[in-house]
Amino acid sequence: MSNLISGAKMLLECLVREGVDCVFGYPGGVTLPLYDAMYDHPIRHVLVRHEENAAFAAEGYARATGRVGVCCATSGPGATNLITGLVDALMDSIPVVALTGQVSSKLIGSDAFQEADTFGITRSCTKHNFMVKNLAELPQVIHEAFYIAASGRPGPVLVDVPKDVFQGQAHYAPVNAIHLPGYKVYTEGHSGQIRRAATTMWEAERPLIYAGGGIVLGKAAPELRELVELTNFPAVCTLMGLGSLPGDHPNFISMPGMHGSYASNMAMTHTDLLIALGVRFDDRVTGRLAAFAPHARVIHVDIDPAEIGKNRAPDIPIVGDIKRVLTKLNKIVAELKPAAAGRNAAARQAWQEQVRAWKEEHPLTPAISTTEIKPQHLVSEIDRLSNGQAIVTSDVGQHQMWAAQFIRFSEPNLWINSGGLGAMGFGLPAAIGAQFARPDKLVFSLVGDGGFQMSIPELATIANYGLPVKIVVMNNGYLGMVRQWQELFYNNRLCAVELDCFPDAELLARAYGFKGRTIDKPAELAPALEEAVKEPGPYLLNVKVAPYENVYPMVPAGGAIHEMVLAPPQPVAVA
Amino acid sequence: MMQILSILVENKPGALMRITGLFSARGYNIESLTVARTLDPTLSRMTIAVDVDPKIRAQVLKQINKLVNVLQVQDLTEAPSVARELILLKIRASMDARTAILKEAEIFGARVVDSSTDGYAIEVTGDPEKLDEFIDVMRSYGDIQVTRSGVVAVSLEIKKLKLAPPVPAGVDAPEPNGVLQ
Ligand SMILES: Cc1ncc(C[n+]2csc(CCOP(=O)(O)OP(=O)(O)O)c2C)c(N)n1
Ligand SMILES: [Mg+2]
């Protein structure tokens, strides 16, 4: 036995075999052996300033590329700091592998220094988790973790590794196959159901495509576009699916749901065939379920069988990989087209016109003022500068909703936000991951003045690595989204939402060694953003916007989505 | 409504926690749960009785199926199956009631496993409803204490185990893309 290597080195070898090129992490006592092995290893370690942000950065990396993002933390507090990011990845089905150190095997259960039951704590925060009990199983477990994270419905997987496993020495034989007999991945859709779906689609009078995050995760944007163009059906994309159809595509309506457009929500309500692709009928999309798409037959394609029928029972369920299913579906839809497309063509034409009329009746138009910067004005300037090509990572709040309404993305993997969990503090660290993954891309990080203050430590990471992220703070002086609810539903009794102290952006950025600026006049907006984009390094642009602007349309929680409040001050209920 | 599930699960660390955790996270109420090794010591079989709205029965099954270590889930609620439970019952009874207790025990096929001046300890198996009746009857004779095993069930159908095949490890990992240096 000549070439023994340490567990730590073995782990890095496995990462190399998984194609990992960078790890976002933060070291500590029990991961010292791992960091020692990283010292002269080609895998790049990015030192973030808080483990939560290691998880968010790994997500940013994964969301920008579709590849597995990797984060790493020490035992105890390091591991517990990852939790929010893990749950975020679980909610949005993002492939992430989290590596955590654990106290030495012989100390487990003794309340040792920095011991936490990471395996137990993260059970419900992950798609699956592992504790490596001995070195012999380490390579197997690492490859299993990557496979589980990336396959099927993706998600976060955590591997907890005791210190003695990192330190142990063993012969390394690369693992070539893994066997998880209970882990079933359903890829091929049922061909009979796919044919039924295609036939049904040509029978519809008011069809609507409802595309979600599954299109992005399943890399099925080209197939979606093909379907839309073959059928000429209108389509909405959910918050998670933005970019899966180009934002300026003539068939694209916009986002549906709580802050969706009038046209999207009306189309959802009046459609007679809802073609649901990689979506989960989330409550923020459906509003009151009983009133959601009440006239529609539903085709539901998803890779996760548990999503089928969870919130809405479909008429045609198809479990499978969205790309493969759409490929087959498109083929049949095209085959049937010559004979079937004539049927109901007039009705579908009228439907197209109806959708267009809804769009014109209440378009999403950014409010613009000459005296104050409207938040909608800010996001539409970002839209103009990014021209559908930039990555925009968003934090959570009003700015996120305005960005989703007004920024048009030409491709998937450009719009990066915390959808299911709505985790403030996501936007800035996600931009770090995205910029590492896509050094070629212009990356905007659009954050609120609240969320930004959760992420300030990461300015150091950005400065440290010279990441040219354009941080744009939509500064309304409030926890705006909460203020909006207090105003609308709690008699404007504003409680704990004023953000009265905000650092001077120029000084703050300068303290970290890069440029920053605060603006508050509409005339300054375009030039300031252009200056930020031209700057080769990072830039912090603090934009003071109108403080009391609210996001509309708005569906009150529990309401039917066609009962939108369209605008202040007199709420208009739409029949 | 009571749903009876039979779950075949790999004996991996945390397997039980994953299942009970899933039930509590999704708000399914576990009525009883039994678990023990199968003939293959790497596997365990669980029988879970869960109190759920019939509308979400399919959903419960699908969620369990998603667990990586679960090889098979069967819903035995309406399928051909046998369900049994064991109870151990202690009864304090006066001398004059003892003969009647023994008679009743015999009717239910119960066995006395301990006898003392205070009373009896009785073992009985049966389907859970039958045991409820037995408990009611015994209660009429004196103070009782009951330990129930929870239901164990076996399907009478032969269902082939569908297992996922092995997959290549690491080798299909995509080429690393450019990382900012
Ligand atoms: C970690 C976390 N805490 C609390 C919330 C609740 N919340 C949702 S939006 C919001 C306000 C965000 O304020 P800001 O970052 O200034 O963005 P704005 O809404 O003003 O654009 C809060 C507190 C949350 N989503 N995440
Ligand atoms: Mg704010």
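Every chain is numbered from 1 and lettered A, B, ... according to where its sequence line falls, protein lines coming before strand lines.
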Can you tell me which portion of A:Y147 sits under 4.5 Å from chain B's heavy atoms? Options are side chain, backbone, both or neither.
side chain
Enumerate by number any residue of residues 129-140 of chain A whose heavy atoms lie under 4.5 Å from heavy atoms of chain B; in the absence of such residues, state 'none'.
A:N129, A:K133
Quick one: does B:F23's side chain get under 4.5 Å of B:I48's, heavy atoms only?
yes
So what's closer than 4.5 Å to chain A heavy atoms on B:V70: side chain, backbone, both or neither?
backbone
Would you mind checking which part of A:H179 comes under 4.5 Å of any heavy atom in chain B, side chain (CB onward), backbone (N, CA, C, O), both or neither?
both
Charged tip of B:R98 within 45° of B:Y120 ring normal and under 6.0 Å:
yes
Do B:I135 and B:I144 have side-chain heavy atoms sitting under 4.5 Å apart?
yes
Quick check for you: to the nearest 0.5 Å, what is the distance between A:Y183 atom OH and A:S151 atom OG?
3.0 Å
Hey, which of B:L163, B:V68, B:L71 has the most heavy atom pairs under 4.5 Å with chain A?
B:V68
Does the side chain of A:T118 come under 3.5 Å of the side chain of A:T100 through a donor N or O and an acceptor N or O?
no
Tell me, for B:L67 versus chain A, whether the close heavy atoms (under 4.5 Å) come from the side chain, the backbone, both or neither.
backbone
Let me have the donor-acceptor pairs involving side chains of residues 1-10 of chain B, under 3.5 Å, with sequence neighbours excluded, atom names and distances please.
from  : atom 1 : to    : atom 2 : distance (Å)
B:Q3  : NE2    : B:R57 : O      : 3.4
B:Q3  : NE2    : B:D75 : OD2    : 3.0
B:S6  : OG     : B:R45 : NH1    : 2.8
B:E10 : OE1    : B:N69 : ND2    : 3.3

Can you tell me which portion of A:I148 sits under 4.5 Å from chain B's heavy atoms? Options are side chain, backbone, both or neither.
side chain
So, for A:G320 and A:V301, which heavy atoms are closest and what is the spacing to 0.1 Å?
O-CG1, 4.4 Å
Using the test side-chain hydrogen bond (donor to acceptor under 3.5 Å, both in side chains), find all partners of A:R312 that sit at least two apart in sequence or belong to another chain.
none
Distance-only donor-acceptor hits, side chain of residues 148-155 of chain B, under 3.5 Å, sequence neighbours excluded:
from   : atom 1 : to     : atom 2 : distance (Å)
B:R148 : NE     : B:E85  : OE2    : 3.0
B:R148 : NH1    : B:D132 : OD1    : 2.8
B:R148 : NH2    : B:E85  : OE1    : 3.0
B:R148 : NH2    : B:D132 : OD1    : 3.2
B:S149 : OG     : B:L86  : N      : 2.9
B:S149 : OG     : B:L86  : O      : 3.2
B:S155 : OG     : B:E157 : N      : 3.0
B:S155 : OG     : B:E157 : O      : 3.3

Between B:A58, B:A25, B:P13, which shows the greatest number of heavy-atom pairs under 4.5 Å with chain A?
B:P13
Relative to chain A, which segment of B:K12 carries a heavy atom at a distance below 4.5 Å: side chain, backbone, both, or neither?
neither
Verify whether the ring centers belonging to A:F24 and A:H45 lie closer than 6.0 Å.
no
Of B:Q72, B:R18, B:K66, B:Q59, the largest count of non-hydrogen pairs under 4.5 angstrom with chain A goes to B:R18
